[in-house]
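Here the structure is a predicted model, which is why all the values come from computation and not from measurement. For ligands, and for the atoms within them, numbers begin at 1 and follow the listed sequence. Quick note: numbers below take in every heavy atom, side chains included, and nothing from hydrogens, waters or symmetry partners.
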Amino acid sequence: MSFFRLFISAIALFTASFSHAHGEFFIHDAYARASAPGAPNSAAFMVLDNQSDVLKRVVSAQTPAAKRVELHEHAMADGMMKMRQIPQILVPSGEQVVLQPGGLHVMLFDLVKPLKVGEQISLTLTTADGHSLTKQIPVKSVMGGMQHHSDEGNHHHQ
Ligand SMILES: [Cu+2]
């Protein structure tokens, strides 16, 4: 093996271990909201933690618990807080983004069955680089402002 080939191999090895060691993207404290009686929709919340060296873009989410899943945010529209679909959630390198009631959330449409406190559902997030992250997340009761969110979810939705 020539010196040049050795050199290239060394670079390749270095690159592989480098990206492996810094490729971490985590989901913390994830949970889904228990669905109100008769409500067809719910939402999931979590902390996205990007410990990698690159910007992560969450572009989609899936769960077997709901027929349709969208990424949502709450924003002022016509003087009212409304939620709407967004194409992606950006998580800059070294930062955490919090998905919480009244803010960013993973919207669960057409629940396969009601979400009950104490159950777990599987949630998968997919990033723009093609990686997927699947977690079992608990179903929790979310009080207060969430009733509003739940009402909203029952209405027409873009
Ligand atoms: Cu929503």
Side-chain angles (χ1 to χ4, degrees), residues 19-158:
S19 59
H20 183 75
H22 293 260
E24 290 105 352
F25 184 57
F26 300 102
I27 300 172
H28 301 302
D29 304 325
Y31 62 98
R33 174 167 48 81
S35 54
N41 307 327
S42 187
F45 310 99
M46 69 210 71
V47 177
L48 303 176
D49 181 10
N50 182 4
Q51 296 184 16
S52 78
D53 289 338
V54 294
L55 171 74
K56 295 287 183 180
R57 302 164 190 265
V58 176
V59 293
S60 67
Q62 299 86 36
T63 174
K67 296 200 181 103
R68 191 157 57 91
V69 183
E70 292 179 358
L71 306 175
H72 276 198
E73 68 172 2
H74 274 91
M76 289 300 282
D78 304 326
M80 286 174 62
M81 278 303 270
K82 289 187 172 173
M83 60 179 189
R84 66 179 181 200
Q85 186 178 11
I86 52 174
Q88 58 187 358
I89 295 175
L90 302 179
V91 189
S93 168
E95 292 191 21
Q96 295 189 339
V97 170
V98 180
L99 281 62
Q100 59 193 345
L104 294 166
H105 56 282
V106 174
M107 191 76 199
L108 311 177
F109 286 110
D110 298 326
L111 296 171
V112 171
K113 61 187 179 66
L115 297 183
K116 297 205 171 87
V117 174
E119 293 177 343
Q120 295 221 329
I121 65 169
S122 169
L123 181 73
T124 301
L125 297 186
T126 303
T127 49
D129 56 15
H131 289 105
S132 290
L133 202 54
T134 299
K135 277 204 101 144
Q136 293 297 121
I137 70 173
V139 176
K140 291 186 180 180
S141 164
V142 180
M143 290 298 156
M146 292 317 295
Q147 190 55 47
H148 173 67
H149 184 283
S150 167
D151 290 344
E152 234 179 319
N154 291 338
H155 292 161
H156 138 89
H157 221 288
Q158 306 281 7

- Please identify each residue that fulfils salt bridge (Lys or Arg N to Asp or Glu O under 4.0 Å) with K116, with sequence neighbours left out. none
- Message: Taking N, O or S atoms only and a limit of 2.8 Å, check whether M107 reaches the Cu ion (ligand 1).
- Response: yes
- Query: Short question: side chain of S35, backbone of L115 - any donor-acceptor pair under 3.5 Å?
  - Reply: yes
- Give me the ring orientation class for H105 and H74: parallel if the planes are under 30° apart, tilted from 30 to 60°, perpendicular past 60°. tilted
- Item | NZ on K135 to CE on M46, rounded to 0.5 Å | 10.0 Å
- Item | the Cu ion (ligand 1) to H105: nearest N/O/S atom name | NE2
- Message: Please report, to 10°, the angle around the Cu ion (ligand 1) from atom SD (M83) across to atom ND1 (H72).
- Response: 120°
